[in-house]
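As a basis for the values below, the full set of heavy atoms in this structure was taken, side chains included, without hydrogen atoms, waters or symmetry mates. Lettering follows sequence order; numbering is per chain, from 1.
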Amino acid sequence: MEKREYQWAWLMVLPVVAVVAFSAIIPLMTVVNYSVQDIFGPDSRFFVGTEWFRIILRDEDLHGALLRQFGFSAAVLAIEIPLGIGLALCMPKRGVWVSVCLVLLALPLLVPWNVVGTVWQVFARPDIGLAGVTLNAIGFDYNYTGDPFDAWLTVLVMDVWHWTSLVILLCYAGLQAIPDAYYQAARIDGASRWAVFRYIELPKLRGVLLIAILLRFMDSFRIYAEPSVLTGGGPGNATTFLSQELTTMAVGQFDLGPAAAFSLIYFLIILLFSYVFYMTINNLGKGVK
Amino acid sequence: MGSRGRYILLGLWIFFLMLPLYWMLNMSLQTNREILSTFSLWPQALTLDNYVKIFGDATWYTGYLNSITYVLTNTVISLTVALPAAYAFSRFHFLGDKHLFFWLLTNVMAPPAVFLLPFFQLYQSVGLYDTHIAVALAHTLFTVPLAVWILEGFMSGVPKEIDETAYLDGYSWPRFFVTIFLPLIRSGVGVTAFFCFMFSWVELLLARTLTSTDAKPIASVMTRTVSASGLDWGLLAAAGVLTLVPGALVIWFVRRHIARGFALGRV
């Protein structure tokens, strides 16, 4: 869409910049500051240059966590995005059932993250939990505290349970924003259901899909509370993701310098991937109009 | 696929969503010992003790009130500042607009764990520590960019001709924005309000770090159910069930806005 050149628009953006800058810039500068120092106390700190970055980049544990993290995020996106679009298309268009479905879909999103982990911890237990008991009763040998793959799968299913609704809600609102005229035109042309989806709904959903994909990528990349409550990162370190390594370092061992360096690297990885997603999806849509 | 098939799929999905929630409700109506000793599909000795404890204890219910206070503050702040900004981003070119937009997004990506200490120092130095507004402001770090971003997406879907026609008809910008533009993007505004509420409601780390007694949020009260004898599962489940209520009410109130989008085809 054509945009007009208008410098005064800055005034409209100013409140946002002020609010966000207050809580974003100062902490970020502090973190950069920590990442190049060795900190013993408020008044004894030494400049160490890029020492922490070098240590972090060579750390084997972190390489493992990073790989697991990529695997997990890829699985999350591959499952939740198509599933979310599909289910959004299944939603009723009008009437009282819309409200009922919206409320029910939103419920998992509203459980505090640590409680999600706690509930699933019991829910999936093979001795007293509904999921665990059922799975074992129908013949699966399932035990998330003992088997690394089961643990990983449990975290994944938990994430799908928790977050697919976010994709559904976004897509549903996006679908609602398509003017009826488009559908009427398609009906007159005798377009098939698939053609309507491919040439009307999908291009119109591009904006919200971008938001959904980026949000799910970023959040799955920062996942912390759920796996640490559910499995504590185990068994072994099958469900130890980056955020857990980071928190152990920052809060557990109080290694502020390395932790700060780590979080900057972490931040850059998310930034880089988000940017690639952002550009790719934006350009994809350019062809279809 | 016929409409019956679609509803069956949706129904199956909602059934799956409800299972862990049912389990939470089930746990909340049992004693701790019963939860851990046997598997049962419903409470054998139904008890409301967990709920009685929450409603009878001031630290619990003020926890809910604190959370609701800062979450609503956050939602109002986020929508107020994000609406004009999203409009500017969707309609105008100005110096540095693309960079600014991407910079806003980066704030949603920051890993919270290491930002805790700087946050703590920052809010203490400006005297906002342990206030509702501190948590509300801290949460704007991710709710505001998200709100701008979602709203911008929806606003860009509205044809520009609508703005131009309104100006030609003699509407002032504020009047145009409130009476014509906002109703067009109501599904976007509804989802945005819900997401601001939701992300602020479930966030635990920042809220816990920035409060001690006066503004302690519910999620933080919950983590104290860990005692010497282990976790009090029943109490935690009951608290979890209650955390669903305010959010369900919010989505009930914004549902009309989510479900009713573009009216262009109908007028």
Side-chain angles (χ1 to χ4, degrees), chain A residues 1 3-7 9-10 12-13 15-16 19-20 23-24 26-27 30-31 87 90 98-99 102-104 106-115 118-120 122-123 128 130 133 169-170 173 176-177 179-181 207-208 211 218 222 243 246-247 250 259-260 263 266-267 270-271 274, chain B residues 6 9-10 13-14 17 20-21 23-24 27 39 81 84-85 88 91-95 104 106-111 113-115 118-119 122 137-138 140-141 144 148-150 153-154 156-157 160 187-188 191 198 202 204 219 236 240 243-244 247-248 251-252 255 258-259 261-262 264-266:
Chain A
M1 186 175 16
K3 285 189 191 175
R4 199 150 55 90
E5 194 80 25
Y6 186 58
Q7 298 302 338
W10 254 100
M12 294 180 175
V13 186
V16 164
V19 166
V20 176
S23 11
I26 300 172
T30 318
V31 172
L87 288 165
C90 288
V98 176
S99 313
L102 283 177
V103 172
L104 291 177
L107 286 178
L109 295 170
L110 294 161
V111 189
W113 297 350
N114 53 332
V115 180
T118 317
V119 169
W120 275 78
V122 176
F123 183 65
I128 53 168
L130 183 58
V133 170
L169 286 180
L170 271 173
Q176 291 297 311
D180 279 357
V208 286
I211 297 173
M218 292 189 275
R222 301 186 312 173
S243 226
L246 179 61
T247 311
S263 59
Y266 190 4
F267 188 48
I270 301 187
L271 200 65
S274 302
Chain B
R6 292 190 351 220
L9 272 184
L10 189 67
W13 176 254
I14 288 178
L17 285 191
L21 293 177
W23 210 244
M24 182 160 80
M27 278 160 71
F39 167 79
V81 299
R91 291 300 194 249
F92 304 124
H93 268 307
F94 49 94
L95 198 63
L104 278 177
T106 61
N107 292 296
V108 188
M109 306 169 193
V114 159
F115 282 12
F119 256 98
L122 171 67
L137 274 179
T140 57
L141 181 64
V144 164
V148 173
W149 192 20
I150 298 180
F154 280 93
S156 298
K160 255 197 117 172
S187 41
V191 182
M198 185 271 280
V202 296
L204 172 63
L236 196 80
T243 54
L244 293 175
I251 194 129
W252 183 259
R255 74 184 194 282
I258 297 179
F262 235 96
L264 276 189
R266 276 164 241 147

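- For A:Val98, the part sitting under 4.5 Å from any heavy atom of chain B is the side chain, from C-beta outward, and nothing else.
- Here B:Leu95 contributes atom CG and A:Gln7 contributes atom CD; the two are 5.5 Å apart, rounded to the nearest 0.5 Å.
- B:Ile14 touches chain A through its side chain: at least one heavy atom from C-beta onward sits under 4.5 Å away, while N, CA, C and O do not.
- Residues passing the side-chain contact (heavy atoms from CB on, under 4.5 Å) test with A:Val119 are A:Val115, B:Met24, sequence neighbours excluded.
- In this structure, the portion of A:Val208 lying under 4.5 Å from any heavy atom of chain B is its side chain and not its backbone.
- Two residues are said to be in side-chain contact when any heavy atoms from C-beta on lie closer than 4.5 Å; A:Trp113 and B:Leu204 fail this criterion.
- Ring orientation note: the planes of A:Tyr6 and B:Phe92 are tilted relative to one another, at an angle of 30° to 60°.
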Fill in: B:Thr243 and A:Leu110: CA distance, side-chain angles, deciding distance, side-chain contact (heavy atoms from CB on, under 4.5 Å) verdict
CA-CA 7 Å; B:Thr243 54; A:Leu110 294 161; over 6 Å; no
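- Here the CG-CZ distance, from B:Leu21 to A:Phe123, works out to 9.0 Å after rounding to the nearest 0.5 Å.
- Put simply, of A:Thr30, A:Leu102, A:Val20, A:Thr118, the one with the most heavy-atom pairs under 4.5 Å next to chain B is A:Val20.
- Contacts of B:Leu10 with chain A are made by both backbone and side-chain atoms, with heavy-atom separations under 4.5 Å.
- The choice from A:Ile270, A:Leu130, A:Val103, A:Leu169 that makes the most heavy-atom pairs within less than 4.5 Å of chain B is A:Leu130.
- When heavy atoms are compared at a cutoff of 4.5 Å, A:Leu104 approaches chain B by way of both its backbone and its side chain.
- Options A:Gly207, A:Ser274, A:Ser99 differ in how many heavy-atom pairs under 4.5 Å they form with chain B, and the most are formed by A:Ser99.
- The two residues A:Val13 and B:Ala85 have their closest heavy-atom pair at CA-CB, 4.1 Å.
- A distance of 8.0 Å separates CG of A:Leu109 from CD1 of B:Ile251, quoted to the nearest 0.5 Å.
- Looking at B:Val108, the atoms closer than 4.5 Å to chain A (heavy atoms on both sides) sit in the backbone and in the side chain alike.
- Here the closest non-hydrogen pair linking B:Trp23 and A:Val122 is NE1-CG1, 3.8 Å.
- Across all their heavy atoms, B:Ser187 and A:Ala177 have their closest contact at OG-CB, 4.3 Å.
- Pairing each heavy atom of A:Trp120 with each of B:Pro20, the nearest pair is CZ2-CG, 3.5 Å.
- Only the side chain of B:Trp13 comes within less than 4.5 Å of a heavy atom of chain A; its backbone N, CA, C and O stay farther away.
- Contacts between A:Met218 and chain B at a heavy-atom distance below 4.5 Å involve the side chain alone, from C-beta outward.
- Heavy atoms of A:Val111 lying under 4.5 Å from chain B belong to its backbone as well as its side chain.
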